[in-house]
Every structure is written in structure tokens, then in C-alpha cells.
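Read through the structure below, which is laid out as C-alpha cells, and then see the notes.
Just so you know, ligand 1 is whichever comes first in the structure, and atom 1 is the first atom listed for that ligand. Side-chain atoms are counted along with the backbone in the values below, which use heavy atoms only and exclude waters and symmetry mates. Sequence positions, counted from 1, serve as the residue numbers for this chain.
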Amino acid sequence: KTSKVQYYNNPMWPGEAHSLKVEKILYQGKSPYQEILVFESSTYGNVLVLDGIVQLTDKDECAYQEMVTHLPLCSIPSPKNVLVVGGGDGGVLREIARHDSVETIDICEIDQLVIDVCKEFFPNLSMGFKDPRVRLHVGDAVDFLRNSTEGKYDAIVVDSSDPIGPAQALVEKPFIQTIARALKPGGVLCNLAESMWLHTHLIQDMLSICHQTFKGGVHYAWTSVPTYPSGVIGFLLCAKEGQPVNFLTPVNPIEKIQGATKAGKELRFYNSEEKPKESVSKSQKIQILLNN
Ligand code: PUT
């Protein structure tokens, strides 16, 4: 029923739209935070949509979940306590569970309905909740982190929706500082950082906040997710000063973790292979795009 004008009016990507053919609507509802839609598509399996924005599809979710998780967790020697902010579909939990050094996985998701709907329609992701190390906290991550013990976590993964609506605060300086406080020295953050094609100013602001807050190093990474606007999504990888962290060469390669990628549990997208040396850094590329 949405008119064409509405299609092109999303403030995150004005003038653009991407469409998927709907075979069947599986669920439509409204939580106190957002509108939730699940449909079966012709080409990408089941699709989760929040407030009109595609969050994941069965077909390409691996490219997001594996990268947002293993980029940070493979960059530190032995992650033990990990926090997921958002991530109510369970996909990041599924990926963290591959790491046998991990002892506790806290997840703070604001919307119980997202969790319930994903348990029904995305069993390959929500299986992550079955891991006995997972402790679910339903509530606002800003409050959760404010009340959490200083220096508790080895890694924090922010798997939110885009920074409009409930996730707006998650890209702002006070929240980033609260995250830094909750990390151990040498702990790492992976925060959703949108598309370099669409959100260069937002990324530049986030880079600047992260550089001010994290003295152990900040990198911009990205992955290809065809059903996200512009087909890519980025991450900010940040390290708290303490132990040296090298995001470019995984010190904890997933392939070396016993059973992490065994038959039936293979990774579909991520591997630890080092990228060829590049003459222009990712941050420089963002600057080049911004100047054009
Ligand atoms: N959890 C990531 C969602 C991004 C949607 N654009």
C-alpha cells in the first residue's frame, strides 16, 4: 500500500529504493518500538523488516553476522566476556558461540517482540539463544551499559538497526564513551557504521568520536550485503588502550578454534585470510568519497 513517493523518502537514503518480490507475508505487527514485518521473498528466503527497512534475509545474513562478530573476536587472543547490543535475531550470538574461549555472552536487546518473531521465522539465527553461555537482558542498552561494571568486557558488538529511531543514541559520543568504560584495557568494539556510499558524513563523525575515545586504534571495515542499501555495510573496529590490537591480522583465527568451523557448521562468508596490502587506507577512501 506504500506510495512510490514514500518508497523514495527514507531519510537514510533519500531518492533510492530497492525491492524484493514478496511471495507471502508471514508476520506483521507493532511493538512499543517499531513496526515488524516478516515475508517470504522469491529470491532471498525469509526477510525481516523493521520500520520499513530490511534487517536481514536468510540468503545474505551470513555476510553481516560473520563479519560483525569475527572481525573483533578474532583480533584478540582469548575473548571471555562478550556483550551484544541489539542483535535480537540471535545471529551474532550464533557466531560468538563458535569461540570456545568465551565464558559469558550478555545480550541487551530492547525489543522482546523482535526476539519472539525471529524465534518463529528465523530458526537458523535464533539458535544462537540456545547457547548456555547466553544471558538475555531485555531493555535499553544505554541504561544497561551505564550500570555495567567498568572494564568487564573483552569485546562488545553493536548489532543495531540504523541510527534513526530507537538506535539513534548508539552512534553518539556519550554511548561510545560508556562502551569504552565497559571494555577491558585492550578490549574491542565493533559498531555498525553504515554505507560508505550513502553515509560518508555520519561515518566521518563516528570516526572522529571513536578516535577521540579509543586510543588503541580505530579502523573502518565493510562487507557486501546485497539487500542493504547500496549493497554494502560498514563497521567501526575500535580498541581500548592497553594490550596492542591488530585488526588487520587476526591473532585468534577462527579456523584454528577446535570445532568452530566443523562440517555442518561451516562459515559461509568470513575467513582469516589477510587482505593484500592496500596503498590507500579505508579512512582515506572515505575522505576521497566525501570530497567528491
Ligand atoms: N543490524 C543491521 C541492520 C542494518 C540495516 N540497514
Side-chain angles (χ1 to χ4, degrees), residues 7-20 31 33-39 41 44-72 82-96 107-111 113-115 117-118 121-122 124-126 128-129 141 155-171 175 179 189-203 206 220-237 269-270:
Y7 280 138
Y8 298 113
N9 262 355
N10 189 299
M12 289 292 293
W13 32 84
E16 296 194 21
H18 176 234
S19 60
L20 289 172
S31 76
Y33 304 99
Q34 52 210 340
E35 284 179 13
I36 303 173
L37 166 71
V38 180
F39 68 89
S41 67
Y44 279 81
N46 288 357
V47 181
L48 174 69
V49 182
L50 299 179
D51 281 342
I53 299 174
V54 171
Q55 301 298 311
L56 64 91
T57 80
D58 280 331
K59 180 171 173 172
D60 62 8
E61 55 88 5
C62 58
Y64 174 80
Q65 318 287 348
E66 293 179 14
M67 292 290 272
V68 76
T69 306
H70 303 305
L71 286 175
V82 183
L83 170 66
V84 182
V85 172
D89 53 71
V92 171
L93 301 177
R94 177 193 72 198
E95 293 306 318
I96 295 172
I107 172 167
C108 184
E109 162 64 58
I110 200 166
D111 198 338
L113 190 57
V114 169
I115 299 171
V117 167
C118 290
F121 297 105
F122 298 94
N124 289 335
L125 289 105
S126 59
F129 281 99
I156 298 179
V157 176
V158 179
D159 173 21
S160 62
S161 46
D162 299 294
I164 39 170
Q168 169 74 47
L170 307 189
V171 296
F175 182 71
I179 286 198
L189 159 69
C190 185
N191 199 354
L192 180 75
E194 297 300 327
S195 160
M196 60 186 146
W197 295 108
L198 299 169
H199 307 113
T200 40
H201 289 94
L202 172 73
I203 296 168
M206 288 181 75
Y220 185 78
W222 60 272
T223 185
S224 152
V225 182
T227 55
Y228 286 168
S230 84
V232 298
I233 190 112
F235 311 109
L236 270 168
L237 289 162
F269 190 87
Y270 174 90

In ligand 1, the atoms that come under 4.0 Å of a heavy atom of Q55 are 3 (C)
Is there any N or O on D162 that sits under 3.5 Å from an N or O of ligand 1?
yes
Does D159, backbone or side chain, put an N or O under 3.5 Å from an N or O of ligand 1?
yes
On a heavy-atom basis, the closest approach of T200 and M196 is CG2-O, 3.0 Å
* Asked: Is a side-chain N or O of E61 found less than 3.5 angstrom from the main chain of L56, in a donor-acceptor match?
  -> no
inquiry  = Has D89 got a side-chain atom pairing as donor or acceptor with L125's backbone, closer than 3.5 angstrom?
reply    = no
In this structure, CG of D162 is separated from CG of L50 (nearest 0.5 Å) by 9.5 Å
In this structure, atom 2 (C) of ligand 1 is nearest to the protein heavy atom S160 O, 3.2 Å
According to the interplanar angle, ranging from 0 to 90°, do the rings of Y64 and Y228 count as parallel (below 30°), tilted (30 to 60°) or perpendicular (above 60°)?
-> perpendicular
Checking heavy atoms under 4.0 Å, the part of V54 that sits near ligand 1 is backbone
